[in-house]
Structure formats: C-alpha cells, structure tokens
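Notes follow the structure.
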Amino acid sequence: MALDKRLLSILRNKERSLVDAEEEILQGLTGVESDIFKKVKVQLNKMNKEGGKFVFDDTNTALVNELDSIIIDEIQRSDYPGAVRKYLQDFDLVTDYNAELHEGLNDIDPEELRNLVDPFKQQTVQDTLQGLTGSGVSTEFVEPVRQELFKNIVSGANSTDIEASLRNMIQGDGDRLGGLERYVGQVTRDALNQYDGQINANIADEFGLDAFQYVGSLIDDSRAQCARWVNKEVILKEDLQKEINWANSNGSGMIPGTNPANFAVFRGGYNCRHSAIPFKMTKREKERLKKEQEGTVEETVDSNIPEAAIQDDPKQKVLKPLAAKELDLTYGKSDLIPDSVKNRDDVKNAVPDQVYILSDNGTAKVKRTQDSFYSPGEK
C-alpha cells in the first residue's frame, strides 16, 4: 500500500486539526448572534409604527440603512476577529503536515514543497480572510438582514412578524443555525480542506505523480462516490475522468467543473472531508492493480450492512460487503451509531477504540469524542 502506519498517523493528526479548527471558530458565534439581534431590536424600537406596522418614511429608511454598520461594529467588538486570526494560522499547520507526509511518501524535500505552495497559500489565506471578515460576511450575512427588514417595511408586514423573521435570520431556531454561524461554517469547512487539496494537486502535477489514495472516514450517510473511492484504495490518474463521470451519474454533491486537474481539490464535492493523496506507481504495481480491479468477487450482500460500506465497482459481478469486523469498525458507547447497524453483534460488542462520527457530506453536525479515521491500509 502507498501509506504505512506512520504516514496514516500524520493524516489522522491532520484530520483532527482540521476539525478542531472549524469547531473553535464556530464555538462563540451563538453569543455573537444573540448580541447582534439585541442591537437590531434596539434599532427596531426607534422606528415609527402605525397600526402595528412600521411606516415606510424617511426616518425608518435612515434607521434601516444604519443596520450594516451596527452589525459589523458588533462583530468587530466580539471575540470573532481573534478566532479568525487563529483559524488562519492553521494554513501553516496544514502545510507542515503535508511537508512531513510527502517527504515520507514521495521523497519531496519539505522546503521544496513550501516553496511550491507558498504563492497560492498566500492568496488562499487572503481570500479566506476576506470571506470571513470582509465582503463575504457583508454580502452573505449583513446585507440580507437589512434587505429583509426593508422589504417587509415596504410590503406592510406586521412589526411583530418582522421581528420574528429577523430573529430567525440572525439567531436561527431549533431546526436551523443562525445566519453568521451557517455562513462561517460553510467557509471554514471548505477553506482548509480545499487548500489541503490544492497542495496535493500541485504536488501531483509538479512531480508527475500518477495515482491517488483516497482516505478518510466512512459513515452511514457517506456519499456514494466517497464510499466507492475509499473502498477502491487506489485511483490511477488515467482513470480519474471515468471516476468523475461515475460520480456525476451515480453520486451526489459533486462540485460543477470537477475534472482530473482539480480532483484533489474538490474530491467528493461540497463539504467533503476526504483527502486524495498523490503518489507514484511503478508499471508493475499498475498492472497488478488493473488485474485486481478487473477481477470478480463471488460473495452475497448482507442487507443489514450500510450501503455506504459496500464496494460497488460495476466491473464486479456481485457487490462485496465490507463487514464491521473486517473494517475494524467499532462504535463503543457512542450515541452516533447508524440505525442500520446498531443491532448487529459485531457493533454491540465492539471495543470502543474507534468512532466514525464525521460526515463527509456536511449533513451531520457532531462532536468528536475519540479518533475517527478509516484507513484501507489498516483494514
């Protein structure tokens, strides 16, 4: 296999750091949103009303137009700018992890790797900073609040309903995150992961690497293409377009424009937490891999096994299930056991040494209590 235990340990640490970076920047945003809504409500209380409705006059229009600066000032006074600065430092951490990984895997000098990635790292950091504190926050969070208020005043909406609508936009409710947390979560989930992917894509191109090992966690709702690629273990560069076509036809959530050149960046799509690690294969290894992938497997499918944990190579005559024991898949006392496997003996009796709780498709917002990582090399 391309990745030995030491390299997989580096990947585990990197994945943990990426998740921690996202969790840390999101931690205090609920309080920030609450403070923002309080300021917005003060502004609402200054506005002229008639018959339970805000009046569409010059005074109210001016008060509405003040909202942008009020919200931005509140964000600047909070701990959020400091959290953003700390988050941006993790780009250097991701660079360091990749320098260590590719020195061991591809014999690339760490300094050479840093020189290769530094130009686009600076641009990525700048773009992320702008997205988290500049025009991104203004466009995606601040301006929509002002526009919502103005639209409702013009349409003659009830002032109580307007206040409730703004509260949901800013703070969210039981079913939806607040607007700032939702937007920041989208940016932070993709920024570091796609930067990590950019490193791998540039390394593959610069050093003529011709294969990828697709690694990361698999859970019950993993996308079909992510399950397929993790189970494949190795994807040849020459097969990437075919695999992307398969994902576009049979999978979900792929980013439009994904192609072999940017595959390592976009991977399985929006919010994808997997990594495509490039390496060089010998001609002999390629021939062996082709023979393995073209072989047939005569086994039946256990209907109790999650669909995401099934090898689904169309060249195989029969799908081959990957049982929890075979994967060393153990949940222990976690509350996050998928319904489709929670009653199986090999799950109920498992030793709690490994917990799969990170959704690669962004649908599950969960807290990590133990290491979460799946390595085909370690089964």
Side-chain angles (χ1 to χ4, degrees), residues 18-41 43 64-91 94 123-152 162-197 253 255-256 265-266 269-273 358-367:
L18 292 175
V19 175
D20 286 346
E22 179 189 335
E23 289 180 350
E24 286 176 18
I25 197 172
L26 295 176
Q27 272 180 351
L29 289 187
T30 301
V32 177
E33 291 167 339
S34 176
D35 291 339
I36 289 172
F37 180 69
K38 289 176 183 177
K39 294 291 184 180
V40 170
K41 192 171 180 180
Q43 199 75 347
V64 171
N65 287 331
E66 291 174 2
L67 275 184
D68 287 35
S69 58
I70 289 172
I71 295 173
I72 291 172
D73 287 347
E74 193 60 36
I75 292 174
Q76 291 296 330
R77 279 194 292 267
S78 72
D79 294 333
Y80 176 68
V84 170
R85 288 193 294 272
K86 185 176 180 182
Y87 173 83
L88 294 177
Q89 294 173 3
D90 287 295
F91 284 89
V94 171
Q123 185 61 54
T124 302
V125 170
Q126 185 61 39
D127 291 344
T128 305
L129 176 62
Q130 190 70 9
L132 291 174
T133 63
S135 60
V137 168
S138 293
T139 302
E140 300 297 331
F141 174 65
V142 179
E143 292 176 14
V145 172
R146 169 173 47 79
Q147 291 168 359
E148 178 74 7
L149 176 56
F150 191 75
K151 179 186 69 177
N152 280 286
I162 291 176
E163 181 178 323
S165 175
L166 293 179
R167 182 191 295 274
N168 285 337
M169 281 189 73
I170 296 169
Q171 293 186 263
D173 53 32
D175 298 322
R176 190 182 186 192
L177 294 174
L180 183 61
E181 185 175 359
R182 190 168 61 253
Y183 169 69
V184 171
Q186 291 170 353
V187 174
T188 54
R189 266 194 301 273
D190 282 337
L192 283 175
N193 281 292
Q194 290 192 1
Y195 169 66
D196 180 55
I255 297 175
V265 181
F266 294 150
Y270 295 105
N271 300 317
C272 181
R273 296 183 184 274
L358 297 178
S359 175
D360 58 89
N361 62 20
T363 59
K365 183 174 178 61
V366 296
K367 295 182 178 179

So side-chain hydrogen bond (donor to acceptor under 3.5 Å, both in side chains) across residues 24-36, not counting sequence neighbours, yields Glu24-Lys86

task = For Tyr270 and Ile255, indicate whether the former's side chain and the latter's backbone hold a donor-acceptor pair under 3.5 Å.
result = no

Residues at least two apart in sequence or cross-chain that pass side-chain hydrogen bond (donor to acceptor under 3.5 Å, both in side chains) with Asn193, listed by chain then number, are none

(Q) If you define the side chain from C-beta out and look only at heavy atoms, does anything of Phe141 sit under 4.5 Å from Glu181? (A) no

(request) Dump the intermediate steps for side-chain hydrogen bond (donor to acceptor under 3.5 Å, both in side chains) on Asp190 and Gln186, then the final yes or no. (result) CA-CA 7 Å; Asp190 282 337; Gln186 291 170 353; over 6 Å; no

Sorted by chain and residue number, the salt bridge (Lys or Arg N to Asp or Glu O under 4.0 Å) partners of Lys39 (sequence neighbours excluded) come out as none

Applying side-chain hydrogen bond (donor to acceptor under 3.5 Å, both in side chains) to Glu66 and not counting sequence neighbours gives Gln43

Val94 meets the side-chain contact (heavy atoms from CB on, under 4.5 Å) criterion, sequence neighbours left out, with Leu18, Asn98, Leu192, Tyr195, Asp196, Ile199

Interatomic distance, OG1@Thr188 vs CD@Glu23, rounded to 0.5 Å, equals 10.5 Å

Interatomic distance, CZ@Arg189 vs CZ@Arg273, rounded to 0.5 Å, equals 7.0 Å

Taking every heavy atom of Ile25 against every heavy atom of Leu29, the minimum-distance pair comes out as O-CG, 3.7 Å

Between the CZ atom in Arg167 and the CZ atom in Phe37, the distance rounded to the nearest 0.5 Å is 4.0 Å

So CG of Leu129 and CD of Gln126: to nearest 0.5 Å the spacing works out to 5.5 Å

Original post:
Can you check side chain to side chain contact (heavy atoms under 4.5 Å, CB included) on Val145 and Ile71, steps first, answer last?
Top reply: CA-CA 9 Å; Val145 172; Ile71 295 173; 4.0 Å; yes

Looking only at heavy atoms, the pair that brings Ala191 and Tyr87 closest together is CB-OH, 3.5 Å

Kindly indicate whether the side chain of Ile170, heavy atoms from C-beta on, has any atom under 4.5 Å from the side chain of Leu180. no

Hits for side-chain contact (heavy atoms from CB on, under 4.5 Å) against Glu148, two or more places apart or cross-chain, chain-then-number order -> Lys151, Asn152, Ser165, Leu166, Met169

The side-chain contact (heavy atoms from CB on, under 4.5 Å) partners of Asp173 (sequence neighbours excluded) come to Asn168, Asp175, Arg176

Atom pairs and distances, donor-acceptor, side-chain atoms in residues 76-84, under 3.5 Å, two or more places apart:
from  : atom 1 : to     : atom 2 : distance (Å)
Arg77 : NH2    : Glu74  : OE1    : 2.9
Ser78 : OG     : Ile75  : O      : 2.6
Ser78 : OG     : Tyr80  : N      : 3.1
Tyr80 : OH     : Leu132 : O      : 2.7

Ring pair (Phe, Tyr, Trp, His ring centres under 6.0 Å) filter on Phe266, not counting sequence neighbours, yields none

Applying side-chain contact (heavy atoms from CB on, under 4.5 Å) to Glu143 and not counting sequence neighbours gives Asp68, Ser138, Thr139, Arg146, Gln147

side-chain hydrogen bond (donor to acceptor under 3.5 Å, both in side chains) filter on Gln130, not counting sequence neighbours, yields Ser135

Residue set satisfying side-chain hydrogen bond (donor to acceptor under 3.5 Å, both in side chains) with Thr128, at least two apart, ordered chain then number -> none

Tyr183 and Gly136 have their tightest heavy-atom pair at OH-CA, 3.2 Å

